[in-house]
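This chain uses plain numbering: 1 for the first residue, then up along the sequence. These numbers come from the heavy atoms of this one structure, side chains and all, not from hydrogens, waters or symmetry mates. Only a predicted model underlies this, so the values are computations on that prediction, with no experimental measurement involved.
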Amino acid sequence: MNSLQIRRTGVAVAAAVLLPFSLAACSDSPADPQAGPTAAAGDPAGGGGSAPAAALPVDQPFGPACAGVPKEGAGSFDGMAKDPVATAASNNPALSTLVAAVKKAGLVDTLNNAKDLTVFAPTNEAFAKIPKADLDKVLADKATLTKILTYHVVGRKLDPKQLENGSFETLQKGTVTTSGSGESYKVDDTAGVVCGNVRTANANVYIIDTVLMPK
């Protein structure tokens, strides 16, 4: 093969290699010359590839105190989901003072038979913040106790999203306010949610670290 033939063959090979890239570049050119570049696969702005970490699923409990909930049995999240709210609370050791108060107020059947409730449930430690003499006085006064306990109950189920900036009428006919986002929420600006979105058969429960007082 002489040098002219070699030169012609090289040109032909180069053309064959470069042509597909030229065509691809043309086909990828946007019709609008002012249009910006499309997002690469995997870029969240372009909707391709892996999406950013999703927000907490609304059906999952959250909060530091959730770690203390039993993994199995009636007091576990699965167990509580099968029972109405007063019964479910009675199986959670952290809520024993609340359960005793509910029994003294005669509210067990009321809470268990109601539909679609949200309960802000104070822990034993929350009740312990109240001076013992004051707590004993409240526990001995059924009318006052009922007023306080029903202030912790809203007559519909609330998911975490609704708590971000909420105002809700309680069974006591007062108004409870909520604020926050993600896994951090406050109730009436005083009580923190320590284990939220706990499901029972008829209620969503948000366990709180301070007893709420009607305004």
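Atom NZ of K147 has 12 or fewer neighbouring heavy atoms from other residues, nucleotides or ligands inside a 6.0 Å radius. Around atom CG of D134, more than 12 heavy atoms belonging to other residues, nucleotides or ligands sit under 6.0 Å away.
Under the 4.5 Å side-chain criterion, counting only non-hydrogen atoms from C-beta, E169 is not in contact with V154. Contact check for K215 versus D188: side-chain heavy atoms found under the 4.5 Å cut-off. T123 places none of its side-chain heavy atoms less than 4.5 Å from the side chain of I208. In this structure, P214 and Q172 have side chains that are in contact, with non-hydrogen atoms separated by less than 4.5 Å. Counting heavy atoms from C-beta outward, K157 and N204 have side chains that approach closer than 4.5 Å.
Remark: N197 CG to E183 CD distance equals 10.5 Å, nearest 0.5 Å. The CZ atom of F77 lies 13.5 Å from the CD atom of E72; values are rounded to the nearest 0.5 Å. Separation of atoms CG (L212) and CD1 (I148) is listed at 10.0 Å; rounding is to 0.5 Å. Between the OG atom of S96 and the CG atom of N91 there is a distance of 12.0 Å, given to the nearest 0.5 Å. Taking CG of L98 as the start and CD1 of I207 as the end, the distance is 9.5 Å to the nearest 0.5 Å.
Listed for the Y206 side chain is a donor-acceptor partner under 3.5 Å among the backbone atoms of L158. A donor-acceptor contact shorter than 3.5 Å links the side chain of D209 to the backbone of G192. Between the S184 side chain and the S181 main chain, no donor and acceptor come within less than 3.5 Å of each other. Between the side chain of D141 and the main chain of K137, no donor-acceptor pair closer than 3.5 Å is present. Listed for the T118 side chain is a donor-acceptor partner under 3.5 Å among the backbone atoms of R156.
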Could you check L145 against K104 for side-chain contact (heavy atoms from CB on, under 4.5 Å), going step by step and ending with a plain yes or no?
CA-CA 8 Å; L145 182 59; K104 281 183 175 290; 3.8 Å; yes
What verdict does the salt bridge (Lys or Arg N to Asp or Glu O under 4.0 Å) test give for K132 and D136, after you've listed the backbone C-alpha separation in whole Å, the side-chain angles of each residue and the deciding distance to 0.1 Å?
CA-CA 6 Å; K132 187 176 186 304; D136 289 344; 2.8 Å; yes
As a quick check of understanding, evaluate side-chain contact (heavy atoms from CB on, under 4.5 Å) for K186 and S179, giving each step before the final call.
CA-CA 5 Å; K186 285 282 190 181; S179 60; 3.9 Å; yes
Under the criterion side-chain contact (heavy atoms from CB on, under 4.5 Å), I'd like the reasoning laid out for L111 against V153: C-alpha separation, chi angles, the key distance, then a yes or no.
CA-CA 9 Å; L111 295 176; V153 184; 4.1 Å; yes
Decide side-chain contact (heavy atoms from CB on, under 4.5 Å) for K115 and N202; before the verdict, give the C-alpha distance in whole Å, the side-chain angles of both, and the deciding distance to 0.1 Å.
CA-CA 5 Å; K115 293 183 179 180; N202 67 329; 5.6 Å; no
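In the hydrophobic clustering of ILVMFWY residues, with side-chain heavy atoms under 4.5 Å counting as a link, F120 and V69 come out apart. Cluster annotation: Y151 and I130 are assigned to distinct hydrophobic clusters (Ile/Leu/Val/Met/Phe/Trp/Tyr, side-chain heavy-atom contacts under 4.5 Å, transitive). Follow the hydrophobic side-chain contacts under 4.5 Å out from L171 and you reach V211 in the same cluster. When the side chains of ILVMFWY residues are joined at heavy-atom separations under 4.5 Å, either directly or via intervening members, V85 and M80 end up in a single hydrophobic cluster. Both L117 and V102 belong to a single network of hydrophobic side chains, linked directly or stepwise wherever heavy atoms of I, L, V, M, F, W or Y lie under 4.5 Å apart.
For the 3.5 Å distance criterion, the side chains of T97 and N124 qualify, holding a donor opposite an acceptor. Between the side chains of K129 and T210, a donor-acceptor pair is found at a separation under 3.5 Å.
Scanning all heavy atoms of the two residues, the minimum distance from V205 to A121 falls at CG1-CB, 3.9 Å. Across every non-hydrogen atom of T146 and A105, the tightest pair is OG1-CB, 3.6 Å. The two residues P61 and C66 come nearest to each other via the heavy atoms CB-SG, 4.0 Å.
Among D83, L107, T87, the single residue meeting the side chain to side chain contact (heavy atoms under 4.5 Å, CB included) criterion with N112 is T87. Checked against F168 for a side chain to side chain contact (heavy atoms under 4.5 Å, CB included), the options T177, L163, V187 give a single hit: L163.
Side-chain rings of F62 and Y185 approach one another, their centers coming within less than 6.0 Å.
Every residue meeting the side chain to side chain contact (heavy atoms under 4.5 Å, CB included) condition with T175, not counting sequence neighbours, appears here in chain and number order: S167.
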